[in-house]
Amino acid sequence: MATDEILELADTERIEEDYIADESRRALHRAIGKLGEDSRAAVYLVFFEELSYEDAARVLGKNKKQIDNLIYRAKTALKKILTEEGCGDAK
């Protein structure tokens with residue numbers, strides 16, 4: 001196999017990987033949109049804004065245990081939603 005063919009194959013594989021990653025991100029955002037308001041806000045603050053549970057609790061006017069429960073339930077719900085939508089190995 002010529003060097004050009006190897007590079008072209010590598011580029012094709014990278015494009016496929018990028019496409020799959022983009023689709024996974026879109027599926028995750030759609031699934032997050034199906035969560036209840038409190039769960040959606042907690043997920044956003046903790047995972048996208050990278051706030052601690054304590055800081056997220058302060059922002060949402062809740063305590064740390066409530067945030068812990070919201071995140072736990074949100075993860076469970078997201079796994080179920082993504083599995084039902086056929087998004088592979090929802091972890």
Side-chain angles (χ1 to χ4, degrees):
M1 189 178 277
T3 303
D4 289 343
E5 291 173 333
I6 293 171
L7 292 174
E8 186 175 316
L9 182 60
D11 284 344
T12 301
E13 288 176 3
R14 184 184 50 76
I15 290 169
E16 289 173 4
E17 289 170 2
D18 289 347
Y19 176 78
I20 291 168
D22 286 344
E23 282 298 308
S24 295
R25 274 192 290 278
R26 280 193 284 277
L28 178 59
H29 283 281
R30 280 193 306 272
I32 290 170
K34 294 178 180 181
L35 297 174
E37 186 178 340
D38 283 346
S39 294
R40 194 171 48 244
V43 166
Y44 175 78
L45 291 172
V46 171
F47 295 105
F48 293 94
E49 293 295 324
E50 299 180 357
L51 267 59
S52 67
Y53 282 30
E54 292 85 3
D55 290 340
R58 226 172 286 126
V59 169
L60 296 175
K62 301 191 178 298
N63 64 47
K64 182 180 177 271
K65 182 64 178 169
Q66 288 173 307
I67 297 299
D68 185 50
N69 289 335
L70 285 168
I71 294 295
Y72 175 81
R73 286 190 214 119
K75 285 181 178 180
T76 301
L78 290 171
K79 182 175 181 178
K80 182 180 181 208
I81 292 165
L82 292 170
T83 299
E84 287 173 354
E85 291 182 358
C87 292
D89 227 5
K91 292 182 182 169

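Contact check for Asp55 versus Val59: no side-chain heavy atoms found under the 4.5 Å cut-off. A 4.5 Å side-chain heavy-atom check between Thr76 and Lys80 finds every atom pair outside the cut-off.
Residue Asp68 holds its CG atom at 10.0 Å from CD of Glu54, rounded to the nearest 0.5 Å. Separation of atoms CZ (Arg58) and CG (Leu45) is listed at 12.0 Å; rounding is to 0.5 Å.
The minimum heavy-atom distance between Leu82 and Ala27, with the atom names listed, is CD2-O, 3.7 Å. Nearest heavy-atom pair across Ala31 and Ile81 is CB-CG2, 3.6 Å.
Partners of Glu50 under the salt bridge (Lys or Arg N to Asp or Glu O under 4.0 Å) rule, at least two apart in sequence or in another chain, do not exist in this structure.
Applying the salt bridge (charged side-chain N to carboxylate O under 4.0 Å, His left out) test to every pair with at least one member in residues 31-45, sequence neighbours left out, gives these pairs: Lys34-Glu85, Asp38-Lys62. Annotation: ring pair (Phe, Tyr, Trp, His ring centres under 6.0 Å) contacts involving residues 34-83, sequence neighbours excluded, comprise His29-Phe48.
Side-chain atoms of Ser39 do not come within 3.5 Å of backbone N or O of Leu35 as any donor-acceptor pair.
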